[in-house]
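To start, the structure itself, in structure tokens.
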Amino acid sequence: MNAIVALCHFCELHGPRTLFCTEVLHAPLPQGAGSGDSPGQGEQAEEEEGGIQMSSRVRAHSPAEGTSAESNSPGPKKSDMCEASGCRSLAAGHPGYISHDKETSIKYVSHQHPNHPQLFSIVRQACVRSLSCEVCPGREGPIFFGDEQHGFVFSHTFFIKDSLARGFQRWYSIIAIMMDRIYLINSWPFLLGKIRGIIDELQGKALKVFEAEQFGCPQRAQRMNTAFTPFLHQRNGNAARSLTSLTSDDNLWACLHTSFAWLLKACGSRLTEKLLEGAPTEDTLVQMEKLADLEEESESWDNSEAEEEDKAPVLPEGAEGRELTKCLTDSSLLSDCGSWQPRKLSVFKSLRHMRQVLGAPSFRMLAWHVLMGNQVIWKSRDVDLVQSAFEVLRTMLPVGCVRIIPYSSQYEEAYRCNFLGLGPHVQIPAHVLSSEFAVIVEVHTATRSALHPVGCEDDQSLSKYDFVVTSGSPVSADRVGPTILNKIEAALTNQNLSVDVVDQCLVCLKEEWMNKVKVLFKFTKVDSRPKEDTQKLLSVLGASEEDNVKLLKFWMTGLSKTYKSHLMSTVRSPTASESRN
Amino acid sequence: MSTKKVRTYPESSVVLTRDLSWPLSEFDPSQIRLIVYQDCERRGRNVLFDSSVKRKNEDTSVSKLCSDAQVKVFGKCCQLKPGGDSSSSLDSSITLSSDVKDQCPKYQGSRCSSDANMLGEMMFGSVAMSYKGSTLKIHQIRSPPQLMLSKVFTARTGSSICGSLNTLQDSLEFINQDNSTLKADNNTVINGLLGNIGLSQFCSPRRAFSEQGPLRLIRSASFFAVHSNPMDMPGRELNEDRDSGIARSASLSSLLITPFPSPNSSLTRSCASSYQRRWRRSQTTSLENGVFPRWSVEESFNLSDESCGPNPGIVRKKKIAIGVIFSLSKDEDENNKFNEFFFSHFPLFESHVNKLKSAIEQAMKMSRRSADASQRSLAYNRIVDALNEFRITICNLYTMPRIGEPVWLTMMSGTPEKNQLCHRFMKEFTFLMENASKNQFLPALITAVLTNHLAWVPTVMPNGQPPIKIFLEKHSSQSVDMLAKTHPYNPLWAQLGDLYGAIGSPVRLARTVVVGRRQDMVHRLLYFLTYFIRCSELQETHLLENGEDEAIVMPGTVITTTLEKGEIEESEYVLITMHRNKSSLLLKESEETKMPQCNCKYCSHPLLGQNIENASQQEKEDIQNNSKELLGISNECRMISPSDCQEENAVDVKQYKLRTCLDTKLETFVCTGSAPVDKCILSERGSEPTEETWQGKELLDSDNHPGKEIRATGIVVEKKPPDKTMPPLLSCDVTQTKVTFLIGDSMSPDSDTELRSQAVVDQITRHHTKPLKEDRGTIDKHQETKQTTEDQSGESDIQNMVSGEPGELPCWSHSDPENMSLFDEYFNDDSIETRTIDDVPVQISTDSKEHCCMLEFSKRLCTKNNKQNNEFCKCIETVHQDSCKTCFPQQDQRDTYSILVPHGDKESAEKKIAVGTEWDIPRNESSDSALGDSESEDTGHDMTRQVSSYYGGEQEDWAEEDEIPFPGSKLIEVSAVQPNIANFGRSLLGGYCSSYVPDFVLQGIGSDERLRQCLVSDLSHAVQHPVLDEPIAEAVCIIADMDKWTVQVASSQRRVTDNKLGKEVLVSSLVSNLLHSTLQLYKHNLSPNFCVMHLEDRLQELYFKSKMLSEYLRGQMRVHVKELGVVLGIESSDLPLLAAVASTHSPYVAQILL
């Protein structure tokens, strides 16, 4: 809790004095910040700013300054008469106490006064108000007071028995100061209870001492005898005894430190908040699953450092493993054209770029096959080109639907990959060439440089290639095609939309359709409903056209295992169907 | 489908009865008293108004009252029935009060109430203060029990400054004036003040730190009269401060750069997500490096409202004090309830007091302006009216019915009845879609709610964290959790902001009122809306002090068994939970009795130690019983054929079994702080397939013998509903796990330390061979340890432990063979030894406890280590690596350390004991080890140094202060399930109310009559006196009229004419679609659970669309709506919704669109 807790005393010579006070020092940055937390990342800048600020603050509290303030402090000079007694807690030169709460990196520090000048006077003011200004009926009890300038104070005043004091008691208060008045007031019942407990203990100890002293040397009688001598007043004034002696507890200050630190922590953690976040997207889930698989495969790693670092170089993996890792690391960069390295010249930068290079009709055919899950084969000499093509094309699909073999020396079956890169001379089986479930993009070196004038002017590297897109059964131009394809095309066509907007647009479209996929999966695979019902459902989803249905079926393969098993186990609960009847 | 129409009515009656569960009903308006004072510099203090005093006659004016110190009589305030029709009762009250003379003749002539002087002292303080801003105070008066909330502020007459002043100007002005008026001695102080403090400091905006305007004695007061000495005056403090070598001016000017965005700038560059909001709050209210007044509403006012002649000489100031006194009942419980409500709902109370204050100011101006008696009487009545309104509002706020089970919060609490909940929700949904479809009523309302109550947005924002296998579809935000721990903010405040939807940018406060004569319909709609109006859930936790934890867990431990229905298999399973009975008196008792004395008991209470020792004898026996019984259970569990279980479940069961056995023990690893709520457990899940089979056995067997065994051993057995016993994580898991063993009080069910414990148990289960023998012996040993720590101190303590217990000593040196055998005996019976680790903390109630068991544990580990060829360590190490991802490294490291270097641990544990007990030993600076403790007096082992070096770097900075190990550290949920009145999520979602309650986030009312009267002023008040303590740009109220089927949004920024309350809502087609498609899914017989999941998915789509919109708008000044529609699928009707959503993550959107 962002508060200062202090013990104050009304000294008969000096008036209200702060005796002991415990502050809270927080770590500069919350440890959870920025660790993949999306809201946190959004405002990284501000946090950093805050962090710097805070760390400089912490430095201001450094013990060097602390001790100098402590040892040069007015204490010894000013409170000569009360030195080592009522007006001091820790002896001059005492460094104070500190406790670390390791889990939260919060430190609790106690001194007689706060070292920070502003806090010093805040506490000072609160102390004066608590003991001199505010009126509490019965003089012992809780009060809250404060304002925006001086902070807000919860104060509990109390008496400590002292056989030598005027009226046989001395007046103290424990105060908690915060700038957050709502927090402080919300905590009133809690603070009252706990502070009352501390007070009870102090009073109890003091009472024992008092009784013992009264037994040994009844002050009242003595005073009756020596009454009215000016000396007595003087002497009594001087006799401001330390709380340690009043309670006969040498560990008093250390105990108080512990109590105050505990109080601060307990009050800060009294209420905890459960704040839900959305479920991760299917893409995230699939990526995490892949990562988990990877980890399982590479059990061999030893040191935990390897885990922190990029795993790719460490893994003794085949092409597939590397590919997966790559896709994990790269997927976040896909949107960012700038992240492509300059040396890779012959590459596609974005879907829009590819569309420009291939031409709209070829791109549409290609995209169609991609979305439907048909095998997409690129034949080229240029490995980078093929890889970049796949990186771009995959953004149209959910992560779980992407199986890439980036470059192979032989044809791989469709069940192994839906993106296959091949060398120019690799044979493709005839049935694949004629299949309507495959599309082949052949990349030739262009004979004429201006074969594809569209959009290639600025991209010399790609203009040296011709791209021939073929499929066993070409898509007829009048076919409507999957809804998502049309929307993607619209977004790509519209030059007003930046690449980032297109990316967000793709995210929206994919999520929208994945949500339909989830329903379909639930309906057909989990609940196993009859076909007629399915058709009705599809129309509810706005996906009853043949191409959309095909697309949904393909995308269903991309659902994460987590989600599927969740649906299988949880949602198909007996209660759900029972209660319906 | 057709069946659905039949279902409705019986259900609704259930809803209604649940509503009545709001526990507060006793509060009478007459329990609220208003007393107003003025304090003039010349004439002293007098009472302006006191509602407890009866008015003598109507002619008496306010201002006349001002001048005499006598208080006139005012008629008895009418008694309003709580929950009564407020509009009519208010009217009646007005008539009553004007008729007072006739009705209450006996009160004539009564004087100032007896306590007026005292109350005045309390409000103003015995010493007047120079501070000119308004001050806020709360007093608790013991007899008669009363609670007073008061505000003191200034009123000027013949003002020199008009309009809004900030406090800085005010204090500057004040000092200038006082220079001329003060007496000589004070004057010098002030002059010195002005001379020494550069004017620049005064001029710096927002840095109005008022060291310069300190408390100053204006009037000698009773306290000072007794002991005062001129040197006590705060004026002196200034000098002293300066002498102290603190270069104030320098530091102040160096601080002039505002570290945090000022409220104004935060409006524009704000980071409005939940996390940022909380972080900002914790920073802006930070005390760590001085304070920065954030923003202050000008609270002083000008009595004469004609404009200001710049004539400071004439300025006279009055201080006005408003006190609102709540008389509490004699009944302690009622009092506590009201106290709890008052303190938790303080922002709302304060806001209403502010409203009252404005009315009083108005009245004072009126009466001052006019010499006309009727005017004055009017002014008087105005106060009376305002007071009555205040009373009604407070009573209503306190007593009106609430929605019993808000859908979102109930779902969130992980109730095992989630299926039923979803089912009921979908039924209500369907009903409403079919019966409240006129005018697109429901889509319009949901559009408005989603647009304004924005807290749903963070709940659908996808997170990137690994999914919990349990998959409650959602995660609780770890970053916010961590923030709450490292930079505590006020969760209540955060929750309030969520509810009002104040998380967008600019900040808007939203409320929703459903109007309708058909109570049932309104009620159903309210229920439905509680799904969309979201907020975080609050849990009260109780931080245990040292020695408070396990020591009281055992006696209070309860084992519960619950029959859980299997979900995939049709069989039932027994759920065994061993936990502290949280709702029982035991906890309370421990809180009350333990807490106060705990603080210091270990320094000087030899008696305590004895008591505890006595107690622990009994506990020990209990423990043994427990262990045996546990053993029994687990043995039983072992005999089941694996084929009975599906594999996945078996794994889960194993997990629980393991984790639960060690739950208590886990805590012993954590030196400070509660165990983090990481979900490391997941990474371990299923990693040990070999264990599955026997675990599966357990599960079925325990099913066969539900509670028999347990009873036989004489431990309390109690049947409890599963939701009561399970921590959230576990209860979420119900769907996948059949058996949950929760043994020991699991304070942190998902602690990362569980991993280690699991590993330990794994190991244990593999190697268990021998029966328990030495159990008792060890317990004794621990008692010894404890005793010494209690009784002794310092080095003698250590000595005692070392020399006084020769029999025990060998156990502590790892090389001793005896030790090994002891260890074996410990470890070789699995269940028993799982308990023995727990036993340790049970008996030791001091700080050293943890370390003792740490010591014990490490010892075991190390011996085990020797014997098992380091299997143990390896095992633990692996676990650690697994868990690295989720635990933050520091802690993780430390924990690893404590296991891998057991001797060192033991060592430092010893020392820690010494530290914990003996504070006055002078400390050297070396300090702390991985255990968070300190220097070594006894440096026999090198290991210790190794350990302590880990934190060495960090430590250096702090070496100067004496390190004291952090006190108690464990957190226990106090009220996880039980809704609490101190929880806005429960208290501000109103039910069908008999009258309009302006604070409710959601409510139903029968007629909008009262609403029409108050709405405009309520909205503007909400902006002027924001309950959230931060600037509010706009307050809106959604009014859904179920009689006329209209949805309107009233705003503080718009005046609406022609008898409308607000602006009609445009129906977002996205919202309309998502509602319809969800309904269609339900109609296609998809399970309600899935439909709700789908609804969430669709809401998440809205979020993605808003992301797209914000991306589109980045850098744009104009929006091509057509383009949005064609390409992005965003229609103009969706735009307000999506823009509002976008404003929660991309504040710039607001500037472009709004």
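For the numbers below, each heavy atom of this structure counts, side chains included, while hydrogens, waters and symmetry mates do not. Protein chains get the first letters and strands the later ones, always in sequence-line order, with residue 1 at the start of each.
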Looking at A:Leu541, A:Val507, A:Asn186, A:Val540, which has the largest count of heavy-atom pairs under 4.5 Å with chain B? A:Asn186
Just give me the residue among A:Cys508, A:Ala3, A:Gly268, A:Ser110 that pairs up with chain B most often, heavy atom to heavy atom, under 4.5 Å. A:Cys508
Ignoring hydrogens and angles, tell me if any N or O in the side chain of A:Asp147 forms a donor-acceptor pair with the backbone of B:Leu136 under 3.5 Å. no
For A:Val135 and B:His139, which heavy atoms make the closest approach, and how far apart are they? O-NE2, 3.0 Å
Is there a donor-acceptor contact under 3.5 Å from the side chain of A:His26 to the main chain of B:Ser286? no
Any sub-3.5 Å donor-acceptor pair from B:Arg1114's side-chain atoms to A:Asp500's backbone N or O? no
Would you say A:Tyr183's side chain and B:Tyr489's backbone share a donor-acceptor pair under 3.5 angstrom? yes
Shortest non-hydrogen contact from A:Glu273 to B:Ala494? OE2-CB, 3.4 Å
Tell me, for A:Ile106 versus chain B, whether the close heavy atoms (under 4.5 Å) come from the side chain, the backbone, both or neither. side chain
Assign the ring pair A:Phe523 / B:His1084 to parallel, tilted or perpendicular, where the plane angle (0 to 90°) is split at 30° and 60°. perpendicular
In terms of heavy-atom contacts, B:Pro347 and A:Ile182 come closest through CG-CG2, 3.5 Å
Does a side-chain N-to-carboxylate-O contact under 4.0 Å join A:Glu512 and B:Lys1105? yes
Check B:Asp1029 with A:Arg181, please: is the shortest side-chain N to carboxylate O separation under 4.0 Å? yes
Spell out, as yes or no, whether a donor-acceptor pair under 3.5 Å connects the side chain of A:Asp180 to the backbone of B:Thr285. no
